[in-house]
There are 2 protein chains.
Amino acid sequence: MMIEEQSIDKNSVIPIYYQLAKLLEGQILSGELKPGEALPTETEIAGLFEISRMTVRRAISELTSAGMVHSQQGKGTFVSSPKLNNVVFELNNFNQEIKDFGLKLSTNLLGAHIVRADERLLKIFQLDNPNTRLLYFRTVLSAEDERLAYERKYIIYTKSKPILETNLMDPTLSGLVTANNDVLPVSTKKILQVSITTKEEASILGIGSNAPVFVVEETLFDLENKPVGWSKSIYRGDRYQLTGYDGWLRKDNHGGMNLG
Amino acid sequence: MMIEEQSIDKNSVIPIYYQLAKLLEGQILSGELKPGEALPTETEIAGLFEISRMTVRRAISELTSAGMVHSQQGKGTFVSSPKLNNVVFELNNFNQEIKDFGLKLSTNLLGAHIVRADERLLKIFQLDNPNTRLLYFRTVLSAEDERLAYERKYIIYTKSKPILETNLMDPTLSGLVTANNDVLPVSTKKILQVSITTKEEASILGIGSNAPVFVVEETLFDLENKPVGWSKSIYRGDRYQLTGYDGWLRKDNHGGMNLG
DNA sequence: CAGTGGTCTAGACCACCAA
DNA sequence: TGGTGGTCTAGACCACTGC
């Protein structure tokens with residue numbers, strides 16, 4: 001595994017560890033270093049480039065984070081096999097890509113009410129008192145006058161903070177909670193399912209009944225891990241898709257979306 | 001921002017940087033350190049615990065990776081606001097969770113053929129030669145005799161490697177490619193959509209027509225970023241769901257699935 | 001046992017920021 | 001200008017691996 005020594009400039013503004021990481025990454029991506037093969041030892045690399053071993057370790061840790069190599073104490077550092085089975089989908093590509101595409105995204109408030117928690121909501125919010133009151137929002141998300149999503153959101157009602165008109169336009173559940181509550185949501189759980197529209201949902205979205213949609217249930221939690229917000233949203237299946245990548249990714253891999 | 005000095009044991013087998021990271025994480029999760037607040041400077045922390053600044057930096061880098069703090073050169077290190085808008089869904093939870101649940105997962109080969117690339121496939125594989133031949137596999141995934149998913153996979157055909165019976169049972173596209181090809185798939189792209197079953201799909205899965213399903217299109221790429229495999233799979237909407245988390249997560253947050 | 005990666009130190013110099 | 005985080009060094013000792 002020859003490594004061209006020229007490629008590192010100690011006086012560059014680019015950190016040495018970064019240069020070295022990119023150099024090693026290049027060796028792997030070009031096939032010079034194949035999965036399963038060992039990198040030179042940290043001491044060897046340090047000697048080759050006349051740099052400190054700590055700097056070498058910093059470079060290797062970059063590659064480890066990227067999943068391209070893995071180290072084993074007492075044995076060495078080895079090129080990993082690309083993992084292709086853990087593709088992750090980022091849900092927020094959705095609206096972000098629509099904005100990036102230059103389309104105007106608007107939120108339409110269908111209604112905001114104070115409701116008493118029914119059995120389902122008591123369970124979701126892990127509450128005992130059936131008199132607990134919740135704020136209930138119904139909104140429709142549109143791009144260029146085309147309705148794309150229908151969202152139903154519940155948050156715990158506290159009188160301490162008044163509800164401001166501007167808050168209601170915040171399309172995110174966490175935005176609503178922080179605006180109308182003193183608690184800080186610190187974690188969230190989302191469940192993604194598929195379904196078909198009911199008559200009511202179809203009419204709200206202006207599409208046909210039994211049309212395929214994404215269903216996203218979100219639960220927001222505070223520092224004590226107690227639910228402080230819950231929402232159920234549906235996204236039109238003919239307008240939304242999730243894209244995900246995995247493996248040894250080049251930067252130019254991404255891009256592109258379908259707005260149909 | 002008081003930090004109890006007792007909590008670090010320099011002689012413990014647990015690394016100092018890890019102890020310190022957990023200590024700071026505890027301060028943040030308990031609310032002692034709130035979003036926006038500054039941590040003590042690295043030199044201060046090093047002095048407090050009489051440890052090296054590099055060790056402090058290692059601890060902080062752990063928290064930075066976890067998204068709990070962020071550093072600004074020349075200013076300091078600050079507690080971040082939890083990011084709740086980038087939930088990621090891991091697709092492979094699917095079959096993994098079914099296995100974890102103790103159910104037997106089986107793959108049924110409906111057919112394996114050599115086909116000539118049509119226009120759609122030529123475009124997908126970025127090929128010019130219309131005589132290019134591809135291997136085409138159709139499989140059904142079942143758990144405990146219930147059919148869950150229907151997969152159609154195409155890989156580039158090379159005579160060099162014979163197709164073995166055992167290879168055909170490998171349910172993953174990358175498994176098929178590596179088994180029947182000399183190229184190494186290094187990256188993958190997946191597109192997740194929703195749809196409803198056609199008559200043919202419904203009959204293969206043993207469910208009704210127009211039932212909601214996940215549609216996953218996967219493209220595998222080699223080192224030169226050329227497509228070497230492509231598949232289109234459908235997953236029953238009443239049996240599959242994706243779960244994702246974001247924010248400041250405690251380990252005990254996860255778990256649980258719906259196999260209906 | 002020798003060789004590997006994992007941790008840690010006590011310095012150093014730098015780029016950046018705010019006053 | 002003084003204080004911050006960012007980088008880098010030249011050591012040290014350790015735990016683990018395989019012979």
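Chain naming here is simple, since letters A, B, ... match the order of the sequence lines and numbering starts at 1 in each. In this text the structure is predicted, and so the values were computed from the model without any measurement.
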### Interatomic distance where CZ belongs to Phe49(B) and C1' belongs to dT9(C) [whole Å]
17 Å

### Query
Could you give the NE2-to-P distance, from His70(A) to dT17(D), as a whole number of Å?
14 Å

### Query
Excluding sequence neighbours, so at least two apart, what forms side chain to side chain donor-acceptor pair (under 3.5 Å) with Ser71(B)?
Thr77(B)

## Note on the structure
Whole-Å distance, Gln72(A) CD to dG6(C) P, equals 10 Å

### Query
Reckon Thr55(B) has a side-chain N or O less than 4.0 Å from the OP1 or OP2 of dT9(C)?
yes

#### Entry: Test side chain to side chain donor-acceptor pair (under 3.5 Å) applied to Tyr154(B) - qualifying residues, sequence neighbours left out
none

### Summary
Sequence neighbours excluded, the answer for side-chain contact (heavy atoms from CB on, under 4.5 Å) partners of Ile156(A) is Phe125(A), Leu134(A), Asn181(A)

### Query
Among dT4(C), dG6(C), dT9(C), which is the nearest nucleotide to the side chain of Lys10(B)?
dT9(C)

### Query
Can you name the residues that form a side chain to side chain donor-acceptor pair (under 3.5 Å) with Ser231(A), not counting sequence neighbours?
none

#### Entry: Between C1' of dC8(C) and CG of Asp9(B), the distance in whole Å
15 Å

### Task
Look at the side-chain N and O atoms of Tyr17(A) and state whether any lies under 4.0 Å from the OP1 or OP2 oxygen of dT7(D).
yes

### Task
May I ask you to say what Ile51(B) touches in the nucleic acid, namely base, sugar-phosphate or nothing, with a heavy-atom cut-off under 4.0 Å?
sugar-phosphate

### Summary
Of Ser71(B) and Tyr18(A), the one whose closest nucleotide on DNA chain D sits nearer the 5' end is Ser71(B)

### Task
Grab the CZ-P distance between Arg57(B) and dT4(D) for me, whole Å please.
14 Å

### Task
Please report, rounded to the nearest Å, how far the C1' atom of dC8(C) is from the CD1 atom of Ile14(B).
16 Å

### Task
Under the side chain to side chain donor-acceptor pair (under 3.5 Å) rule, what do Glu218(A) and Thr188(A) come out as? Steps first, then yes or no, please.
CA-CA 7 Å; Glu218(A) 173 173 17; Thr188(A) 183; 2.8 Å; yes

### Query
Under a 4.0 Å N-O cut-off, is there an ion pair linking Glu224(B) with Lys226(B)?
no

### Task
Scan Arg58(B) against the nucleic acid and name what it touches under 4.0 Å (heavy atoms): base, sugar-phosphate only, or nothing.
sugar-phosphate

### Query
With the sugar-phosphate defined as primed atoms, P, OP1 and OP2, and the base as all remaining atoms, what B/S/- string results for nucleotides 11-19 of chain C, 5' to 3', for protein heavy atoms under 4.0 Å?
-B--BBSS-

### Task
Return the set of residues passing side chain to side chain donor-acceptor pair (under 3.5 Å) with Ser174(B) (not counting sequence neighbours), or none when no residue passes.
none

### Query
Which part of the nucleic acid does Ile16(A) contact within heavy-atom distance under 4.0 Å: base, sugar-phosphate only, or nothing?
sugar-phosphate

